[in-house]
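All values reported here derive from a predicted model rather than from experimental measurement. Sequential numbering from 1 along the given sequence is applied to the chain's residues.
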Amino acid sequence: MITAQLPPARPTLGTWVFALLSLPFLYTFWVPNVPGVEISPLGRAMGTLAWALAVLPGLWPRVRRYADLAAALLAVLPWVYQVRYYEELVNRAVIPTDWDMSMSFTVMILVLGLVSRLLGPIMPSLVLVFLTYNMYGHLVPGPFQGAKNGIDLILGKSYNETEAGIYGLITGVSAKYIVYFTILSGLIGTLGLGKVVANIALSMVGRTPQTPGRVTGIASVFMGMFSGSGAADTQFVAALTKPLYERANYDRMTAAGLVATAGTIALITPPVLGSIAFVMVEILQISYLWVVIMALGPMLLYLMGILAYNEFYTRKAKLPPVGAEGHLGRNYALRYSTIFLPILLIVVMLFLGTEVATAVYLALLAFVLIAYLDPTLRPAALQEAMQSPAYRVGLPLGIGLMLLGAFLPVLLGWNLGKIPVLPVTLAVVGLWVGTFFYPAAASGQLRGVLRPIAQGLVEGFRQLIPIGSAIVAANMIFGMMVITGLPAKFSIFLGQVSGESLLLATLVTAVFSLILGMGVPPTATYVLTASLTAPAIIKIAAANFQGYGLEPQQALLAATLATHMFLFYYAVLADVTPPVALSGYAAASVFKTNPILTGVYAARVALAKYIIGFFFLLSFTGTGLLILPVLQSLPGLEGWLIILERFFFTGVAILFLAAATVGYTRRPLRRWESWVMGLLALALFYPYPNLWMAFIPFGLGLLFFLRKEKDSAPQAAD
């Protein structure tokens, strides 16, 4: 229904490729590739109709609106069928009936059509490549030759299985985690808290030439705590900071590159990480808090790279100081610091072992409560209603209902569990009803009071649809790989190509991830790379880590965590890597720059972001940047020394590399000096077995900071 409201897009080469790749799937549905499989004419007709509704509107955009409405109605049939025959479908996953196969084909092709409309044709085309490989893999020569899987097996398992099917492990992440965070993000936007968060960042940095870049970095981190959407945060921060960049005379391309790079940080900012984190939790069966802790170090180093580049750039360009408006001082940050309390609540509850869904749900209640209690944040309709005489009744009524809701379940002796969610919910809702809703209803303002909450829910689900559809498509690929055993083949291939070298294996995987991420969303990129490359890298890394004296199980755990964080990190980087960089396009739309060139500048800004990921995987000491793998194997002082040493030298390496990229330390650098600084930075990134070896490039790099430019005073402000 939502896609029917989108403007029709012209057919592209990718659209035609998607249509052509769908033909083998349609043909095999009509003419099964194994004997004994029959599909009724009516079932074939339904599947063909689904194919036409999913594929053809991309080639003839004029019919898309009507086709999308028809596709939405047709998609109800497979759902009803599955609800009615759920147990029977699970029991006959590998021996489906003809209608099982028809329903499976219908829902699969409709999902691919939806993904094509929302995210472009590359992702669904990739799914179709894996589907074709499953059906005709026996025709592929060489080490990747597969088995000939019948269309009945593929359709049966995809539709009926609870692990590898279309509704399997990865798809379950959407229902279990992501829906809560997308609703949280939607509510924050409709409650108007995003602007407050941005102003807090602006109030913290003062009046300096570096203010625009600093605000960009800090605001992106703050927004990342709430949303976990790279492109959306880029768009918001770009619109906020563009006037600052213009007043400070930043080069427009550099400004767009800074914003595009910083916006992507949302995907690795705790506690609301991107959807990749939830998929990782399900795949590895670990605590979400583990992922939060491991993401903290890369996020801080990523931010440091942005700020360091901004610092050296503004000093070299001698830009004038700019700052916030007069009312945005430190008192502003203190005044509105309460909006971070729900985020703190999430962190504390995760630390206590609470379910993610419970923590985020309670944070949702807290956000609405804070926004409605603050007279400068609450909706105008509510502010007017609370000035009416009805509020004199509403306030005591709200307090009474709050106390009743808090104590009634206790008095009734209900089992409240470890976290008393029900009493808290009843108490908050009671306070809302009495204090806010009653005065609003009495003064005819109830609709205006409820509108931000309703709009937040709608916007949250609207954000969920493209994310959820991409995850379903990724689950389809995951299911196809389970059937073919392709991950094992790819692991053997990767081991042969790398010669069991961890450096080469990670390099090949990083390049593969970045290329894949140019057309596939980060979550799907992570799923694919984790399925195909993780087993081989973990095996090599675990053998490498045992050289540090770790027990086999310790080495395996550290290697597993580091490998998946490495894949997570590089899947995120694809969002900012040209030529297809979503954050780059978002920044370019605001700064009116060339999107491809913006992506190039974004890649240059914080160049260290492409290097950090390698070095928390290449050795056991390098995993100190992730904190948890080291502390799990070496708790106590020894583990913390490794962590502190890695963060110190990596931080210095980031500074050196930023200076080399800009060509400035305390003075402009000659070209050869920039190259030497870059090489010294690389030498500092490497986690040496002997701590003292890192002091050699450290000392040599400091020599370039000794001499100061003669005239380095910034220009006066306008």
Side-chain angles (χ1 to χ4, degrees), residues 294 296-309 311-312 501-507 510 540-541 544-550 555 558-559 561-563 565-566 569 606-662 664-666 669 672-707:
M294 290 190 291
L296 186 61
M299 183 274 290
L300 292 173
L301 295 171
Y302 193 112
L303 176 63
M304 183 180 178
I306 296 168
L307 298 180
Y309 183 95
E311 186 77 22
F312 290 121
S501 165
L502 186 56
L503 175 61
L504 286 177
T506 52
L507 181 61
I540 301 171
N544 181 292
F545 292 179
Q546 286 185 50
Y548 290 83
L550 299 183
L561 295 177
T563 298
M565 284 303 297
F566 167 78
Y569 186 79
L607 189 61
K609 62 181 177 280
Y610 292 103
I611 302 172
I612 294 168
F614 280 104
F615 294 104
F616 56 63
L617 180 60
L618 287 184
S619 73
F620 174 69
T621 57
T623 65
L625 298 178
L626 302 175
I627 303 175
L628 198 63
V630 169
L631 292 184
Q632 291 234 320
S633 302
L634 298 173
L637 182 61
E638 184 180 0
W640 280 110
L641 286 176
I642 291 175
I643 293 168
L644 294 174
E645 178 266 331
R646 273 295 80 216
F647 271 99
F648 174 75
F649 285 116
T650 303
V652 174
I654 289 171
L655 289 175
F656 284 6
L657 191 58
T661 307
V662 175
Y664 189 87
T665 51
R666 299 173 70 202
L669 297 176
W672 71 266
E673 290 177 312
S674 293
W675 278 101
V676 172
M677 281 284 292
L679 293 173
L680 292 173
L682 290 176
L684 274 173
F685 275 115
Y686 188 79
Y688 297 99
N690 187 336
L691 168 66
W692 301 105
M693 294 177 68
F695 280 101
I696 298 174
F698 174 67
L700 292 174
L702 289 180
L703 296 176
F704 291 94
F705 288 83
L706 293 178
R707 187 159 55 89

Original post:
T623 side chain to L626 main-chain N or O, any donor-acceptor pair under 3.5 Å?
Top reply: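 Judged by distance alone, no pair lies under 3.5 Å.
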
**OP:** Look only at the side chain of T665 and the backbone of F704, and say whether a donor-acceptor pair between them is shorter than 3.5 Å.
**Re:**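 Yes, T665 side chain to F704 backbone: donor-acceptor pair under 3.5 Å.
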
For [X] and [Y], work out which heavy atoms get closest and say how close.
| X | Y | answer |
| --- | --- | --- |
| A308 | L655 | CB-CD2, 3.7 Å |
| G651 | M304 | O-CE, 3.1 Å |
| Y302 | I612 | N-CD1, 4.4 Å |
| P298 | F616 | CG-CE2, 4.0 Å |
| A559 | A541 | CB-CB, 3.8 Å |
| R707 | R666 | O-CB, 3.8 Å |

Report the distance from atom [atom1] of [X] to atom [atom2] of [Y], rounding to the nearest 0.5 Å.
| X | Y | atom1 | atom2 | value |
| --- | --- | --- | --- | --- |
| F649 | L625 | CZ | CG | 12.5 Å |
| F695 | L700 | CZ | CG | 13.0 Å |
| F566 | F615 | CZ | CZ | 11.0 Å |
| L706 | L702 | CG | CG | 7.5 Å |
| L301 | I611 | CG | CD1 | 12.0 Å |
| I654 | T661 | CD1 | OG1 | 11.5 Å |

Below 4.5 Å, heavy atoms only, C-beta onward: do [X] and [Y] meet side chain to side chain?
| X | Y | result |
| --- | --- | --- |
| L680 | L684 | no |
| F705 | M677 | yes |
| V630 | F620 | yes |

**OP:** Using the side-chain contact (heavy atoms from CB on, under 4.5 Å) rule, take L303 and L307 through it: C-alpha gap first, then chi angles, then the decisive distance, then the call.
**Re:** CA-CA 6 Å; L303 176 63; L307 298 180; 4.1 Å; yes

Enumerate donor-acceptor pairs with a distance under 3.5 Å from any side-chain N or O in residues 633-646 to protein atoms, sequence neighbours excluded.
unit_1, atom_1, unit_2, atom_2, d
S633, OG, P629, O, 3.3
R646, NH1, T650, OG1, 3.4
R646, NH1, F685, O, 2.9

Original post:
Between F698 and F656, what is the ring plane arrangement, given parallel below 30°, perpendicular above 60°, and tilted in between?
Top reply: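 Ring orientation, 0 to 90° scale: parallel.
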
